[in-house]
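Each remark here refers to the structure printed beneath this line.
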Amino acid sequence: MRIDIITVLPELLESPFNHSILKRAQEKGLVEIHVHNLRDYSTDKRHRRVDDYAFGFSAGMVMQVEPIFRCIEQLKSERHYDEVIFTSPDGEQFSQPMANRLSMSGNLIILCGHYKGVDYRVREHLITKEISIGDYVLTGGELAAAVISDAIVRLIPGAIGDEQSALSDSFQDNLLAAPIYTRPAEFNGWKVPDILLSGHERKVAEWEHEQALERTRQLRPYLLDDEE
Ligand code: SAH
């Protein structure tokens with residue numbers, strides 16, 4: 001898999017991709033992540049500007065269509081992309097089923113907005129999918145791109161040491177995860193549930209499933225009505 005991220009602030013993306021699972025997945029050759037500085041595609045050689053004032057009367061700067069067009073066209077001339085994603089607060093809400101689907105892609109482009117956002121023609125003509133990571137407004141799409149990439153890459157087989165563990169995480173099977181504990185079995189008088197120390201594999205599995213169901217009923221009841 002390959003993810004190409006287009007941004008005006010490449011530095012913002014350095015840390016998330018250079019640690020932990022995202023770093024290891026790249027080292028293992030499971031994913032290539034390329035960050036492109038949109039300013040390299042600016043038509044303004046001197047100041048490398050990529051934004052301009054909005055038409056109409058709204059305040060704030062807007063990312064111009066041409067540098068984005070040039071960057072996306074360049075990438076598309078090199079390989080096929082399954083989706084050209086724009087991070088946007090009004091996009092489709094990111095979710096585990098969406099992460100699952102995207103993790104099966106070959107190549108993805110993620111465009112990060114900044115300032116007031118991008119010239120709408122980008123969204124009309126160049127973008128195939130718009131994703132929001134929640135109903136709140138961020139300063140830029142970089143953190144959203146990092147969130148989306150993290151959730152996708154950890155699902156690629158081999159990215160997480162114990163593959164089972166990605167499948168037992170919250171939202172897989174539309175269930176939240178059961179409570180987990182580690183040693184010591186008692187701390188400060190606070191005890192781990194006896195069943196987990198019983199060594200009885202089937203009963204432990206049943207207990208975990210009941211706990212997962214109960215937590216889902218309490219905390220995310222709508223997941224139990226979901227068909228997906
Ligand atoms: N004026 C826009 C917000 C611009 S915020 C509006 O009212 O909708 C600047 C950029 O940050 C956006 O273009 C988008 O790329 C990114 N962004 C902000 N909030 C986001 C969210 N919840 N999910 C994904 N991207 C977001």
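We number each residue from 1, following the sequence as shown. When a ligand or atom number is given, it counts from 1 through the structure's own listing order.
- Using a 4.0 Å cut-off to heavy atoms of G117, the atoms of ligand 1 that qualify are 13 (O).
- The nearest heavy-atom contact from the protein to atom 23 (N) of ligand 1 is I133 N, 3.1 Å.
- Proximity to G140 (heavy-atom distance under 4.0 Å) selects the following atoms of ligand 1: 10 (C), 11 (O), 16 (C).
- For ligand 1, the atoms sitting less than 4.0 Å from at least one non-hydrogen atom of Y115 are 4 (C), 5 (S), 9 (C), numbered in the order shown with element in parentheses.
- For the ligand labelled ligand 1, residue L111 lies outside the 4.0 Å heavy-atom shell.
- Listed by number with element, the atoms of ligand 1 under 4.0 Å from a non-hydrogen atom of A144 are 24 (C), 25 (N).
- The only option from I131, D82, V153 that meets the side chain to side chain contact (heavy atoms under 4.5 Å, CB included) definition with L102 turns out to be I131.
- For I131, the closest heavy-atom approach to ligand 1 falls below 4.0 Å.
- The distance from ligand 1 to the heavy atoms of K116 drops below 4.0 Å at these ligand atoms: 1 (N), 2 (C), 4 (C).
- The protein does not reach atom 7 (O) of ligand 1 closely, with no heavy atom under 4.0 angstrom from it.
- Here the heavy atom of the protein found nearest to atom 26 (C) of ligand 1 is P89 CD, 3.7 Å.
- Note: F187 and W190 have perpendicular aromatic rings, judged against thresholds of 30 and 60 degrees for the angle between ring planes.
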Verdict with reasoning, Q74 to I72, per side chain to side chain contact (heavy atoms under 4.5 Å, CB included) = CA-CA 5 Å; Q74 173 69 40; I72 291 177; over 6 Å; no
Give the intermediate values and the outcome of salt bridge (Lys or Arg N to Asp or Glu O under 4.0 Å) for residues R49 and D51.
-> CA-CA 6 Å; R49 274 187 67 163; D51 62 323; 3.8 Å; yes
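- The protein non-hydrogen atom at the shortest distance from atom 14 (C) of ligand 1 is T87 O, 3.0 Å.
- Between V137 and ligand 1 there is a heavy-atom distance shorter than 4.0 Å.
- Looking at F86 next to ligand 1, no N or O pair under 3.5 Å apart turns up.
- Atoms of ligand 1 found under 4.0 Å from any heavy atom of G113, numbered from 1 in the order shown, are 10 (C), 11 (O), 13 (O), 15 (O).
- Counting the atoms of ligand 1 from 1 in the order shown, those under 4.0 Å from a heavy atom of G141 are 11 (O), 15 (O), 16 (C).
- With a heavy-atom cut-off of 4.0 Å, T139 touches ligand 1 through its backbone alone.
- A salt bridge (Lys or Arg N to Asp or Glu O under 4.0 Å) check over residues 3-26, counting only residues at least two apart or in different chains, returns the pairs R2-D4, K23-E27.
- Close contacts of ligand 1 with S132, meaning ligand atoms under 4.0 Å from a residue heavy atom, involve 22 (N), 23 (N), 24 (C).
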Output, in order, the C-alpha distance, side-chain angles, deciding distance and verdict of side chain to side chain contact (heavy atoms under 4.5 Å, CB included) for Q96 and D169.
-> CA-CA 10 Å; Q96 192 63 44; D169 283 330; over 6 Å; no
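- A distance of 8.5 Å separates CD1 of I148 from OG of S132, quoted to the nearest 0.5 Å.
- Remark: minimum distance from atom 19 (N) of ligand 1 to any protein heavy atom is reached at L138 N, 2.9 Å.
- For the residue pair E142 and T7, a side-chain donor N or O sits within less than 3.5 Å of a side-chain acceptor on the partner.
- Classification of E124 and R121 as a salt-bridged pair fails, no side-chain N sitting under 4.0 Å from a carboxylate O.
- Not a single donor-acceptor pair under 3.5 Å links the side chain of S149 to the backbone N or O of A146.
- A distance of 7.0 Å separates CD in Q64 from OG in S42, rounded to the nearest 0.5 Å.
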